[in-house]
Structures are given as structure tokens and as C-alpha cells.
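Because the structure is a prediction, the values reported are computed rather than measured. In each ligand, atom 1 is the first atom listed, and ligand 1 is the first ligand listed.
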Amino acid sequence: MTGLVSAPVSGLKGDVIVTGDKSISHRALMIGSMAVGETVIRGLLLGDDVLCTAAALEAMGVTIERETDDLWRVHGVGVGGLREPDNVLDLGNSGTGARLLMGLVATHPIQVQFTGDDSLRTRPMGRIATPLSQMGTQVIARDGDKMPLTVIGARMAMPITYALPVPSAQIKSAVLLAGLNTPGETSVIETRPSRDHTELMLRHFGATVTVTDEATDRRVITLTGQPELESKEVVVPGDPSSAAFPLVAALITPDAEVTIKNIGLNPLRIGLIDTLCEMGAAIDIANARDQAGEPVADLVVKTSSLTGVVVPPERAPSMIDEYPILAVAAAAANGVTRMQGLAELRVKESDRLAAIADGLNACGITVEIDGDDLIVTGSPGNIPGGAEIESRMDHRIAMSFMVLGMISKDPIAIDDADHIATSFPSFIALMNGLGAKIGEHM
Ligand code: S3P
């Protein structure tokens, strides 16, 4: 276990490329595995979470070659072609890997055991087991909904129409991936749109996916089952959820100008950018283009004076992973920021509501949890810091407090930085390359 410490800085400058999008990387490996022939993936995230997904697919008979760090080849086995693994699949820290793979295997006539690290084994899996059981899959889980668990795939899967009980791209994706090897039409109804990378990628590989979105409060997404997926090239854009860290660092530290290149700007992922712009952030979007069905651009960011805002609950799905770093921006803003409707943060890699509130409090910032809302009172130029924060096996908590350390009076430490490698292995080198002072903490 390695700790880190981050000290105050000014003058962050430079151009950076962040690592590939985690959500798209998982999906490229999984959907590529279901295609016939060879799928080439460029820009795959080399984070631990994605490497766990690759290993799990290999254990189920998919040949995956890492030709170079930037070029992977997946030899798909076709829809329904996974074989029973010889051993338990360990998805490490990855909720996305675990939940999407549960969906993918659910309609194969195989039995698969899943486990994960201490964090993943506390996370609810009943939300995935419920729709899968309606399709004919059996899920036997510890304590009813925790890993380790066993998925006994349906031999004759039944298509369902499933209304999401919570806005979650992971639940939606698990049902759609289960729908791949199911005859007929599998539909998911969502009342708050969540990231649509699964839908876009299934289409990219030739599946028929229709979306009725004439009313954004009731989207019906329908997949026609048992398609023959054609292998394709996938170019993974930079992860907006990772870009969030250099982005906020540049906004809140003095005299900064940073360009973050090649960032995926899917409209269902840009809630943080919208919110920061409302707060007064100077973010220019340059070189906007389309890359394999996903919008991509460069972000040019300069030091900005931010003002607190109210972030409405309906925006949460489009920035669900960004609340820890938004809370850091809120601490650096004038006035109060109220982030509404954050119940889902309680079941992420850690209880992020508690982790953010405890951490900000330890750094001398006024913060309150009111029901499912988080309220941060900004204290620009006057953040004491000087605390050691527990990262709670949560990469985004660890990185957020390293950014807060850049503007506090005294450096901020985290007890354990190991999990940063799940999503952003180059975080320390990239930030220090811009001028940050992040070093080892004993
Ligand atoms: C993800 C969806 C989100 C997000 C996670 C990645 C995905 O989870 O928090 O990091 O790739 O589908 P939920 O769908 O559970 O909100």
C-alpha cells in the first residue's frame, strides 16, 4: 500500500492526453468477443479494471492479443459462443466489468462464479440478478446480492421489457448484453437517460438497436436478439471522467493553462462540463470531431473564478462519477454548491457521499449531507488542508483529494494510492508533467 501527498502549486501548463475511456474499453472487449472475426481496438484503457475484463473473457475462450499497448486484437467467438471457465472470475475493483459480464454470460448455457476485491464484494448485485432472473437465469449470491456469486445461464432465454428502478447504465447494459443471445426483442425503459455506449457500440457492430427518445423522461431501448455481429475497428476516445482531474486542477489553481486532447464528449457524459461552465469555468471546446460514432474534442482550460450553483438531480446520470471532483471545485468556488439527488453515490467503489464529506471536513471545509444532497460551502484561497484522507479503495476519492492538495495551505495526503491504477494509471506522471507536486507519502 502506497500513500501519496500533494502540495500547493501554481502555473500548471501543457498539453495532455488522458487514458482511454473505461466504459467504452469494457464494452469494446465484450462486444468484440461476441462478433465473428477479429476486432481491432486502439486506445484501450490499460487500467486494472479493463485488464480484469480481458482476463475474464480469455477464461471463457476468447483469444485476446495485446500486440502493442495501443493495439489489441479480439478474436470473437460469436453470439452465444462463450465457454464455461475453469475457475472463478475475479473482477478486482470493477463494478462495470462484473455487472456487464454477468449480463453477457446470463444467456449462455454455462455456470460462472464471480468475485472481486474487498470493495466490489460489498456492492449490490441484486439490481443485476433481478432482470436476469426474469430472463430465466439463476443467480445465487452471498447475502442475497453480494459477490462471490454464481450465475447459472439460461438454456432457453426469454426476452423481457425491463423498467430500470434506478438510472444505471450498468443495469441497462447487463440486460442488453443478456439480450444478445436471446430470441426476440429485449427492451429497457429508462426515465433518466444514462450513458449509451452499449447501444452505440452494439449498432457499430451491426446489431439492430432502436431508441424511442421523443420524451427524454421515458426512453425505450430495444435490441433484436441473436444478431450476427461483424468484427469492427474501435478507437477508444480519452475518458471524460479521467480528464475531469486535470480539468478541475487547471480551473482552480492560479495561472494555469492546460489543453486536454481527444476527450470523448458523448452528450450523456458531459454533466460536469455543463456544471463547471455554469459556475464560470473558462473551458473552450476545440477540434470537435466524430470518432467511431462517439463525439470527441480537445478541451482548453484556464484558471477561472468559480461560483457555487445548484446541480439538479436529473443531471446526476451524466456526471455520476464526477461528484468527488466537482465537490473539490465547489470547495474552491465562491458561495454554496448544492448537489442534489446523490443516493447512487452510496453504492460506488466506496460510499462516496460519506467519503467526500469526511474528507472535505478533515481539510477544513464546511460540508453537509442533507438527505441525498451534498452541500459544500466554498472557501477560495482559504482551504487549510493538512489532513491524511482515507481513499477507501476508491480511485476517484484518491485523485480528487490530490487535486484539492494543489490549492490548500498545507499539503494533503492519501493513505493508499494503489486503486488509481484501476482507471488512470498515468495520473501522477500526467499531473506532475503539468507542474503538480504529487509524491510518495510514508
Ligand atoms: C458505468 C456506469 C456508472 C458509472 C461507472 C461506469 C458504465 O455506473 O458509475 O463508473 O460503464 O456503465 P451506474 O450505471 O451503476 O450508475
Any N/O pair Gln170/ligand 1 closer than 3.5 Å: yes
the protein heavy atom lying closest to atom 4 (C) of ligand 1 turns out to be Asp321 OD2, 3.3 Å
I want to know if ligand 1 touches Ala169 in the polar sense, i.e. an N/O pair below 3.5 angstrom. yes
Quick one: does Lys348 get within less than 4.0 Å of ligand 1, heavy atoms only? yes
Counting only heavy atoms closer than 4.0 Å, does ligand 1 sit against the backbone of Arg27, its side chain, both, or neither? side chain
Salt bridge between Lys22 and Asp49, side-chain N to carboxylate O under 4.0 Å? yes
List the closest protein heavy-atom neighbour of atom 15 (O) of ligand 1: residue, atom name, distance to the nearest 0.1 Å. Ser168 OG, 3.1 Å
Ion pair check, Arg338 and Asp370, cut-off under 4.0 Å: yes
Just by distance, with hydrogens left out, do His197 and Ser23 show a side-chain donor and acceptor under 3.5 Å apart? no
To the nearest 0.5 Å, tell me how far Ile64 CD1 sits from His75 NE2. 9.5 Å
Protein heavy atom at shortest distance from atom 6 (C) of ligand 1: Thr96 OG1, 3.3 Å
Atom 11 (O) of ligand 1: which protein heavy atom is closest, and how many Å away? Ser23 OG, 2.7 Å
Atoms of ligand 1 under 4.0 Å from any heavy atom of Ile320, numbered from 1 in the order shown, are 4 (C), 9 (O)
Check His197 against ligand 1 and report side chain, backbone, both or neither, counting heavy atoms closer than 4.0 Å. neither
Before giving the answer on side chain to side chain donor-acceptor pair (under 3.5 Å), spell out for Arg123 and Asn93 the whole-Å C-alpha distance, their side-chain angles and the decisive distance to 0.1 Å. CA-CA 10 Å; Arg123 299 183 66 185; Asn93 193 251; over 6 Å; no
When rounded to the nearest 0.5 angstrom, what distance separates CE in Met102 from CG in Leu89? 11.5 Å
Assess whether a salt bridge exists between Arg269 and Asp239, defined as any Lys/Arg side-chain N lying under 4.0 Å from an Asp/Glu carboxylate O. yes
